[in-house]
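This structure is a prediction, so every number in the text was calculated from the model and none was measured. Just so it is clear: chains get the letters A, B, ... in the order the sequence lines come, proteins before strands, and each one is counted from 1.
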Amino acid sequence: MLGDVFQEGHPETPAQPPAAGPGAPTEPGADRVERLLAGLNGPQREAVEHGEGPLLVLAGAGSGKTRVLTHRIAYLLATGAARPGEILAITFTNKAAAEMRERVGQLVGRSVRAMWVTTFHSACARMLRVDAERLGYSKSFTIYDQADSLRMLKRCLGELGVDPKRFPPRAVQAKISGAKNQLIDSDSYNESAFGEFEETVAEAFPLYEKRMREANAMDFDDLLVRTVNVVELFEDVRERWRRTFRHVLVDEYQDTNHAQYRLLQLLAGEHKNLMVVGDDSQSIYGFRHADVRNILDFEKDFDDVEIVKLEQNYRSTQTILSAANAVIERNREGLKKELWSEGDEGAPVQLNELTDEHEEARWVAGEIERLEQEESVSRSEVAVFYRTNAMSRVLEDTLQRFDVSYQVIGGTKFYERAEVKDAIAYLSLLANPADLVSFGRVVNSPRRGIGNTTQGRIASHVNTTGMPVWEVIERVEEVPGLSGAAIKAVSRFYETMAGLRERAEAEGPVATLLEAVLHESGYLDALAAERTVEAEGRGENLETLIGGAAEFDVEREREREGESEVSPLEEYLQQISLYTEQDGLASESELVTLMTLHNAKGLEYDTVFVVGCEEGAFPHMRALEEGGEEEERRLCYVGITRARKRLYMTWARERRLFGRAERNLPSRFVDELPHELTERHSAAARSLGTSWSNSVASEVTPAQSVDPGPALELQTGDDVVHASFGDGVVTAVEPGGVVVVRFSGDGSERKLMADYAPIRKR
DNA sequence: TCTTCGCGGTATGGC
DNA sequence: ACCGCGAAGA
């Protein structure tokens with residue numbers, strides 16, 4: 001669904017797997033049920049066949065949990081226990097939702113269309129489109145992402161005269177978000193606020209809520225909290241959704257927070273048809289207030305819970321599983337589970353020490369090339385995981401230089417680019433005339449001579465009168481203190497927008513509207529006038545955006561034959577505001593996949609590299625400070641268990657952070673791996689000539705043969721390739737790792753740091 | 001009002 | 001190493 005906007009076409013799913021056949025609907029139920037159960041192991045079958053009432057499936061990594069969920073849904077349909085429209089299946093990420101939808105579709109065909117298979121946030125947004133008016137929002141409320149919400153909060157803090165140096169807006173935002181996820185409102189927060197900082201938060205909290213409501217906007221937390229509010233406050237709403245969702249299924253239950261838990265209780269507390277699937281060992285979202293206790297206490301929270309444990313792993317080699325088990329065993333908290341497999345022993349875990357992040361990246365790139373050439377490993381079956389997004393940059397640079405094409409999941413997202421946010425903000429303002437943050441974003445972009453002063457006066461007029469910003473600019477002459485020039489500029493802006501608004505209200509295709517917006521606002525003209533490569537790139541991004549909108553239009557036409565309660569524009573905005581780039585770029589193409597460990601959950605690859613395994617980086621220092629060692633270890637467990645056949649863990653002795661070189665020890669998690677499962681290599685020891693570690697098996701460094709290796713090895717006469725200067729030849733090697741290279745392109749001779757310059761041997 | 005420059009904070013993770 | 005913001009200049 002969401003994900004489809006940018007996914008390759010629509011693989012118009014033939015939707016009928018061999019099992020169900022075209023005759024499925026008329027096939028006797030018993031047969032269909034038998035086919036659904038065939039191929040499931042004992043515990044899996046038990047979970048699928050579960051009758052009414054709460055069910056907890058403790059599913060170890062790779063134990064076929066999605067299979068159980070999808071088959072359970074199909075089973076409910078096949079046995080007549082539920083109709084498609086009565087199913088609510090919740091996951092945490094859009095990617096997981098898209099996959100689940102696809103796989104359910106393969107089992108049950110087009111009836112998947114009537115089901116709600118989505119994320120918590122999407123489900124809530126959808127429910128709120130129906131009922132938000134009960135809480136004083138209009139249906140067309142805007143969803144603010146973290147950046148938008150921060151802008152709003154900064155505005156509020158400014159209004160209160162809070163010094164941002166003493167009370168960083170981000171910290172205030174985190175506090176408010178934390179409170180909301182605990183379902184603590186601003187009044188109760190105020191009562192328990194302690195100390196200067198919390199008292200400041202207690203002051204900002206209600207104002208922020210007020211301004212958000214005036215802007216008819218919700219942040220991500222609001223989506224959950226407001227849904228809980230509306231379901232809790234209004235009996236008819238509660239009854240409606242309870243009747244609608246007679247079966248609720250939740251994936252990754254270990255990652256639910258209190259608000260989500262409460263919502264599930266409200267929706268499923270009565271009929272109790274709640275199936276939750278999860279693995280406490282993979283609980284890695286404490287930072288966004290997920291509470292492992294939810295899964296640990298599920299048995300106590302509901303009566304007559306059936307528990308099924310899935311421990312047989314169908315994914316990884318025994319070596320990888322043993323490594324995972326060894327790591328997770330160190331945690332004190334958690335339910336005992338032991339993964340086992342009928343599969344092969346497999347290759348040992350490869351541990352590699354490198355001198356710095358550049359060498360690490362080169363090593364990974366070289367090893368990917370070697371695997372491809374010597375073991376015919378497809379690049380699409382290779383993934384590189386890192387702890388923080390910042391680590392992707394060096395990897396990206398290096399892979400590019402090695403001509404290894406890759407895709408990055410997450411990270412700087414398409415929808416977070418300035419030009420894309422601008423375009424969306426125009427649309428948001430058209431859909432929601434009170435959207436002050438979007439107004440602030442677009443009113444002077446492109447430049448219209450409406451600067452900070454004018455904007456500030458408009459904003460405070462909005463605050464004092466409580467009128468939507470749209471109405472304020474419609475009657476801009478009433479805003480106190482504005483110069484004649486400012487009034488004129490704002491009026492012109494208003495006229496343009498009013499024309500666009502009429503088009504929006506005609507409810508035509510979103511793509512057409514978006515194009516009109518970009519043209520008539522002068523946005524494209526301003527871009528064109530820049531005449532820079534960057535501006536060109538931004539133009540291309542906007543074209544991509546329009547293309548995506550066009551796909552949305554087609555999809556909407558086809559999927560929902562006009563039975564939607566909201567306008568196409570509103571629906572589009574909702575979709576993309578919850579969309580994060582999972583890059584449908586397709587797994588068929590030969591791309592190596594890069595992502596954070598958090599993003600990796602739920603995925604699997606033949607070959608996995610976990611880079612940056614250093615104390616301080618992973619486990620991350622900030623996480624350790626917050627007492628999150630166990631969560632970091634679970635994150636490591638998640639990373640390890642993604643690998644089917646080959647697992648590499650690498651670390652760099654030195655890594656640049658904020659431009660400063662930091663020396664680090666290998667991650668404690670590396671040391672927690674039993675020696676008999678690993679093979680340890682060190683390129684660092686060799687190139688530096690010294691080693692801090694005796695455990696380095698220096699005779700086992702076969703990977704070096706294809707690694708372009710530490711550039712220190714360059715000799716006069718070597719042919720090299722530089723990322724930007726192209727081909728060249730080494731004319732001299734100087735002490736301190738400096739090489740002199742003459743480039744054939746322009747004949748220039750340059751001194752380069754062999755270790756850091758983007759060069760490699762030919 | 002807009003643009004440029006320089007400083008300082010930043011980069012744990014995501015819906 | 002990069003981005004955003006404020007101050008100062010145009």
Side-chain angles (χ1 to χ4, degrees), chain A residues 2 90-97 118-125 143-147 149-151 154 164-165 168-171 174 177 180-181 218-225 252 255-257 259-260 283-290 357 385-394 397 409-413 415-416 418 444-456 483 485-486 489 574-582 595-601 612 616-626 628-629 631-632 634-635 638-639 655-662 756:
Chain A
L2 297 192
I90 298 183
T91 63
F92 271 80
T93 63
N94 293 309
K95 190 194 302 185
T118 70
T119 64
F120 263 109
H121 289 84
S122 298
C124 288
I143 299 169
Y144 280 180
D145 66 12
Q146 214 171 348
S149 132
L150 190 62
R151 280 168 106 106
K154 278 181 181 165
K165 293 254 156 46
R170 307 258 330 208
S177 169
K180 283 191 185 178
N181 281 297
M218 298 203 203
D219 61 26
F220 287 148
D221 303 320
D222 285 330
L223 292 177
L224 303 174
V225 175
E252 309 281 13
D255 288 328
T256 49
N257 63 32
Q260 289 159 335
S283 164
I284 56 175
Y285 283 107
F287 71 92
R288 63 175 202 214
H289 316 106
E357 71 268 34
F385 303 150
Y386 34 82
R387 178 63 177 81
T388 64
N389 278 311
M391 288 182 175
S392 78
R393 183 190 250 108
V394 176
D397 287 352
I409 306 287
T412 309
K413 289 150 198 136
Y415 287 103
E416 283 172 16
N444 203 31
S445 173
R447 308 249 174 254
R448 298 187 178 91
I450 306 172
N452 285 332
T453 324
T454 308
Q455 285 179 46
S483 68
Q574 174 182 317
Q575 253 193 35
I576 58 175
S577 60
L578 295 175
Y579 180 88
T580 51
E581 192 163 16
Q582 291 124 22
M595 68 180 94
T596 63
L597 284 153
H598 281 89
N599 255 311
K601 191 156 63 119
F618 183 39
H620 197 278
M621 207 170 57
R622 289 267 304 262
L624 291 178
E625 281 165 8
E626 287 163 23
E629 185 190 352
E631 181 158 312
E632 293 288 287
R634 292 193 291 265
L635 190 55
V638 166
R655 184 178 297 276
R656 279 183 179 272
L657 200 64
F658 301 135
R660 197 169 282 282
E662 307 270 351
Y756 296 103

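The side chain of A/T454 has B/dT1 as its nearest neighbour among B/dC2, B/dG14, B/dT1. Here B/dG14 is the nucleotide among B/dG14, B/dT12, B/dC15 with the atom lying nearest to any side-chain atom of A/N599. Taking every side-chain heavy atom of A/T388 into account, B/dG13 is the closest of B/dG13, B/dC15, B/dT3. Taking every side-chain heavy atom of A/K154 into account, C/dC5 is the closest of B/dT1, C/dC5, B/dA11.
Taking atom OH on A/Y415 and atom P on B/dG14, their separation rounds to 18 Å, with Å as the unit. Atom CZ of A/R393 is separated from atom C1' of C/dC2 by 6 Å (rounded to the nearest Å). The distance from atom CG of A/L635 to atom P of B/dT12 is 14 Å, rounded to the nearest whole Å. The nearest whole Å value for the distance from the OH atom in A/Y144 to the P atom in B/dC15 is 21 Å. Atom pair A/H620:NE2 and B/dA11:C1' shows a separation of 7 Å (rounding to whole Å applied). To the nearest angstrom, P of B/dT10 lies 8 Å from CZ of A/R170. What separates CE of A/M391 from P of C/dC2 is a distance of 17 Å, to the nearest Å. One can place CG of A/N452 at 16 Å from P of C/dA8, the figure rounded to the nearest angstrom.
Backbone-only contact: A/Y285 has heavy atoms under 4.0 Å from sugar-phosphate atoms and none from a base. When heavy atoms are screened at a 4.0 angstrom cut-off, A/N444 is found touching the sugar-phosphate backbone but no base atom. Looking at heavy-atom distances under 4.0 Å, A/F618 makes no contact with the nucleic acid at all.
Between the side chain of A/E631 and the backbone N or O of A/G286 there is at least one donor-acceptor pair closer than 3.5 Å. When atom types are taken as modelled, the side chain of A/H121 and the backbone of A/L223 share no donor-acceptor pair closer than 3.5 angstrom.
Separation of atoms OG1 (A/T119) and CD1 (A/I90) is listed at 8.5 Å; rounding is to 0.5 Å. Distance CG/A/L578 to OG1/A/T93: 12.5 Å, rounded to 0.5 Å.
Counting heavy atoms from C-beta on, the side chains of A/Y144 and A/L150 never come closer than 4.5 Å.
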